2 protein chains.
Amino acid sequence: MTAPDTSGQLAEQLLRLTRRLHRAQKHYLDPVGITPAQSRLLRTVAHYDHPPRMADLAQRLEVVPRAVTTLVDALEAGGSVCRVPDPSNRRVIRIELTDEGRRILRKLREARRAAVEDVLAPLSAEQREQLGSLLDELMAGPGPAC
Amino acid sequence: MTAPDTSGQLAEQLLRLTRRLHRAQKHYLDPVGITPAQSRLLRTVAHYDHPPRMADLAQRLEVVPRAVTTLVDALEAGGSVCRVPDPSNRRVIRIELTDEGRRILRKLREARRAAVEDVLAPLSAEQREQLGSLLDELMAGPGPAC
DNA sequence: ATTCATTGTGAGCTTAGGTAACAGTGAGCT
DNA sequence: AGCTCACTGTTACCTAAGCTCACAATGAAT
């Protein structure tokens, strides 16, 4: 208590902040009919030039492959992506964005923007910039003990 | 894609960072036999001078009261806290830290410190300071639409 | 006394993730 | 050819953490 423990408090703040972010995100995503994790997956899919494999997504999301399956299930049921077997290697499945998916993505970004705005409201543009570069530096590394 | 969307990326980084933090935390807490949320609750209990009520904890944790019940259940089963009925108002239950609880808290802080160290390793002391003050400012407000 | 607000909890659900086992496929090797 | 081994995704189950809804007990106020 009397100890400074700055790093501990830092972690506390970080986690609290993310809790709020999660909540705001969920709130804004609700009317779109998509969960935050699905949103993240969808955005990730859109980042690729060519349709990614499940394994690619799992790695990029820092998640076990099994977790991707469920998310893709939901998104496919919602019609925003579809699974396409790769002709050159019948083990892999490519995840392709549908037109509906692209439509949803637009809504998504808007919702996300609003959520972030809610949470980051107290920060000025410069402060966000600053925070951004700190996070960039922080996430640049390979991640702890991947 | 071509849009900057700095805030969006900022959120992305934040969430990724917290994901790592969660994982590291869980990893270090595992041998102590306590989950991250329980850890948070325990630390929160320790912050009070007088034993807090369930409702106090819920509010401070920014969580619905029902969520606290489960956590206290687990901690009580582990012997680190105990429920004490408040004599002056028989609706309220005070959460008291036991000696075992204090013992666990020490282990906890150590584990937490290690987890944070893992994740924040790339940052210098000054950078952490900077990050800390940004987060302080960010969390100072009443929170978005409480 | 009756109504209303507070306080904690039982029951049940959802999201997000994880493990373990497994089937299908490709690749390399004698 | 066969035989083994690594890779890819999925089935089946488990956990953590949180939520809503309903409710019982208690206190406060009219």
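Quantities reported herein were computed from a predicted structural model and do not represent experimental measurements. The chains referred to below are lettered A, B, ... by the order of the sequence lines, with proteins before strands, and numbering in each begins at 1.
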- Interatomic distance where CD belongs to B/Q25 and P belongs to C/dA16 [whole Å]: 19 Å
- Integer-rounded Å distance: D/dT8 P and A/L57 CG: 13 Å
- Kindly indicate whether a cation-pi arrangement holds for B/R53 with B/Y48, taking the cut-offs as under 6.0 Å to the six-membered ring centre and within 45° of the axis. no
- Message: How many whole angstroms separate atom CZ of B/R23 from atom C1' of C/dG18?
- Response: 10 Å
- Task: Evaluate the side-chain proximity of B/Q25 to B/H22: yes if any heavy-atom separation is below 4.5 Å, no if none is.
- Result: yes
- Query: What are the residues of residues 85-94 of chain A, sorted by number, that bring a heavy atom to within less than 4.0 Å of DNA chain D?
  - Reply: A/R91, A/V92, A/I93
- Message: I'd like to know if B/E62 and A/R20 make a salt bridge, using a cut-off of under 4.0 Å between side-chain N and carboxylate O.
- Response: yes
- Query: Given C/dA16, is OP1 or OP2 found less than 4.0 Å from the side-chain N or O atoms of A/R66?
  - Reply: no
- Could you tell me whether a side-chain N or O of B/T18 sits under 3.5 Å from a main-chain N or O of A/L15, the two making a donor and an acceptor? no
- Message: By the salt bridge (charged side-chain N to carboxylate O under 4.0 Å, His left out) test, which pairs, at least two apart or in different chains, include something from residues 21-44 of chain B?
- Response: A/E12-B/R43
- Please say which of A/L75, A/L71, A/V72 ends up in a side chain to side chain contact (heavy atoms under 4.5 Å, CB included) with A/L42. A/L75
- Message: So, OP1 or OP2 of D/dA17: does either fall under 4.0 Å of a side-chain N or O from B/T35?
- Response: yes
- Measure the SG-CD1 distance between B/C82 and B/I95 for me, rounded to the nearest 0.5 Å. 8.0 Å
- Message: Here's a test of your reading of the structure: between A/P36 and B/P65, which maps to the more 5' nucleotide of DNA chain C?
- Response: B/P65
- Note on the structure: Taken to the nearest whole Å, CG/B/L29 to P/D/dT15 is 18 Å
- As its Watson-Crick or G-U partner within any shown strand, both distances under 3.5 Å, C/dT30 has D/dA1
- Rounded distance in Å - NE2 (A/H27) to P (C/dT14): 20 Å
- Task: Give the rounded distance in Å between these two atoms: CG of A/D30 and P of C/dT14.
- Result: 13 Å
- Note on the structure: Rounded to whole Å, NE2 of A/H22 lies from C1' of C/dG17 at a distance of 12 Å
- Task: Tell me what B/R40 touches on the nucleic acid: a base, only sugar-phosphate, or nothing, going by heavy atoms under 4.0 Å.
- Result: nothing
- Residue-level proximity of residues 67-84 of chain B to DNA chain C when a heavy atom falls under 4.0 Å: B/T69, B/R83
- Task: Whole angstrom is fine here: how far is it from CG in A/L15 over to C1' in D/dA16?
- Result: 15 Å
- Is the shortest side-chain N to carboxylate O distance from A/E110 to A/R113 below 4.0 Å? yes
- A/E117 with A/R128: basic N within carboxylate O range, under 4.0 Å: yes
